[in-house]
Enquirer: 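Pasting a structure here, questions to come.
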Amino acid sequence: MANRSDEYDKPLSTAAEHARAWLRSVNERPVGPRTAVDEIATRIGDELPSSETDPAEVIDLLAATAEPGLMAMGSGRFYGWVIGGTLPAALAADWLVSAWDQNAGMRYATPGVVALEEAAGRWILELLDLPRESDVGFVTGATMSNFSCLAAARYRVLRDVGWDVDADGLMGAPRVRVLVGAERHDTVDLALRYLGLGRPTVVDADAQGRIRVDALRKALDEIPDDAPTIAVLQAGNLHSGAFDPFAEAVSVAHSRNTWVHVDGAFGLWAAASPSLRDLVRGLASADSWTTDAHKTLNVPYDCGIAIVRDSAAMRAAMGVHTSYLVADVGGPGDPHEKAPELSRRARGVPVWAALRCLGRAGAVELVDGLVRAARGIADGVREIDGVEVLNDVVYTQVCLSFGSAERTQEVTRRLIADGTAWMSGSKWHGQDVLRVSVSNWTTDDDDGSRSVDAVRRAAASA
Ligand SMILES: *Cc1c(COP(=O)(O)O)cnc(C)c1O
């Protein structure tokens, strides 16, 4: 057979050149995309080409076609949703993962990448000070992490009342009660929907969006003693950045045999920072935890992390147990027993590279740097006439109001048109807001002051 390996050379160097050019431009180009999907679709055309094209030429075409429609999400002045940037080591590792093209589902099939993912998992538990016996699964994002953790929870709470959901499904099963805070992320509801658990019971939150422990206690009191129950808490509210009072909430829930899951898609990383310790007191006493690596840790998409203390429950919920997959019962477990996918890319490897590069000090500084930048922006915009910072800035999120809904929307439009910075328009507690979410490792003081100036310009003209 011919050795075709040299056929990779040109398209890979072409891609590397385009990648470098993109990365060089990302902090200086206008942050928003310059065109819309339809316009690019027209340029792509409807027809599948009838014959072959040179691979490097395809890469040139790809870059030229997509680029005007890309958002500079890697910019230090991109504060939309919660997106995160990409650390250099993580990006380069991600390229290698693609080149290696390993199916990372099984330990014996690819010991190289599984060992790296397992090391990354241990480092995360250590950095976030979560129970070291937990299973760590690498999934596509926090949505699937919420799904995976809640699947383990569903298995366990039903098993504890004598029902085997793996064997007998949900039809005829005792009803599983799920309690969530009023300001949980919508993907918690989505995960519950995937799991057949229906709509959760909503527990009141306080002004910062934290679950109220008295309301949680009351909601638990209304549930019969022996009913299988799950409570979902949150580390990092999308609007305020607030953290639920874990120590009190977990202790109330555990006193009623309730599994406690924590959605910490971007907030779980606060546990890495000694200066944020007060926010996460009691976090480690929960039963499962969701986080993303593609947000705060700044690895490329898509990479989420599912952490479950009860590894038997996780493997019962996620594992594929069939003759050709040799499970090593009670041992470290195969990757496919900790994630919904059987086959997947080695997405934990960029996490290893990020943590190997940062070390503990770098990881702490990454988190502290984001918080510092958020506070800097909040302090800067407070000086602008007619701006109100609506939340206590305890973490990476800042919510702004410019008075009326119309004015806030107009300032948002002007800010985005200006192109210097990108922030999300949103609604919080029924009020229109402009939300700043700092999640990129490159955001520095200069980005902060340029962004504050951009808000000032937008507010002055609106
Ligand atoms: C982003 C986010 C999610 C969903 O995460 P994906 O990675 O987009 O699947 C869930 N919960 C919270 C709190 C989030 O911020």
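As the structure lists them, so they are numbered: ligands from 1, and atoms in each ligand from 1.
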Enquirer: Does V82 come within less than 4.0 angstrom of ligand 1, counting non-hydrogen atoms of the residue?
Expert: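 The answer is no: ligand 1 sits nowhere under 4.0 Å from a heavy atom of V82.
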Enquirer: Ignoring angles and geometry beyond distance, decide whether A142 reaches within less than 3.5 Å of ligand 1 through its nitrogen or oxygen atoms.
Expert: yes
Enquirer: Taking a cutoff of less than 4.0 Å between a non-hydrogen atom of the residue and any ligand atom, is M144 in contact with ligand 1?
Expert: no
Enquirer: For A265, take its heavy atoms, then give the atoms of ligand 1 lying under 4.0 Å from any of them.
Expert: 2 (C), 3 (C), 10 (C), 11 (N), 12 (C), 13 (C), 14 (C), 15 (O)
Enquirer: Quiz question: by atom type and distance under 3.5 Å, do the side chains of N146 and H261 form a donor-acceptor pair?
Expert: yes
Enquirer: Counting non-hydrogen protein atoms only, what is the nearest one to atom 15 (O) of ligand 1? Give residue, atom name and distance.
Expert: K295 NZ, 2.9 Å
Enquirer: Under a heavy-atom criterion of less than 4.0 Å, does R184 contact ligand 1?
Expert: no
Enquirer: So which bit of F266 gets within less than 4.0 Å of ligand 1, heavy atoms only: side chain, backbone, both or neither?
Expert: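 Within the 4.0 Å criterion, F266 contacts ligand 1 through side-chain atoms alone.
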Enquirer: Evaluate the ring planes of W352 and W123, with Trp represented by its six-membered ring, and classify them as parallel (under 30°), tilted (30 to 60°) or perpendicular (over 60°).
Expert: parallel
Enquirer: Closest approach of W95 and A16, non-hydrogen atoms and distance?
Expert: CH2-CA, 4.1 Å
Enquirer: Considering only heavy atoms, which of V262, L268, D292, L238 lies nearest to atom 7 (O) of ligand 1?
Expert: D292
Enquirer: Going by atom types only, do H254 and S285 share a side-chain donor-acceptor pair under 3.5 Å?
Expert: no
Enquirer: Side chains of L238 and V82, heavy atoms from C-beta outward: is any pair under 4.5 Å?
Expert: yes
Enquirer: Judged by modelled atom types alone, do S273 and S275 share a side-chain donor-acceptor pair under 3.5 Å?
Expert: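 A donor-acceptor contact under 3.5 Å links the two side chains.
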Enquirer: Considering only non-hydrogen protein atoms, determine which one is nearest to atom 9 (O) of ligand 1 and report residue, atom name and distance to 0.1 Å.
Expert: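 Nearest protein contact, heavy atoms only, for atom 9 (O) of ligand 1 is T143 OG1, 2.6 Å.
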Enquirer: Describe, in one word, how the ring planes of F243 and Y395 are oriented to each other, choosing from parallel (under 30°), tilted (30 to 60°) and perpendicular (over 60°).
Expert: perpendicular
Enquirer: Just which atoms of ligand 1 are under 4.0 Å from any heavy atom in T187?
Expert: 3 (C), 4 (C), 10 (C), 11 (N)
Enquirer: Nearest non-hydrogen contact with atom 13 (C) of ligand 1 belongs to which option: T140, N146, D263?
Expert: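 Shortest heavy-atom distance from atom 13 (C) of ligand 1: D263.
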Enquirer: Without hydrogens or angle criteria, can the side chains of Q397 and S437 be said to hold a donor-acceptor pair below 3.5 Å?
Expert: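 There is such a pair between these side chains.
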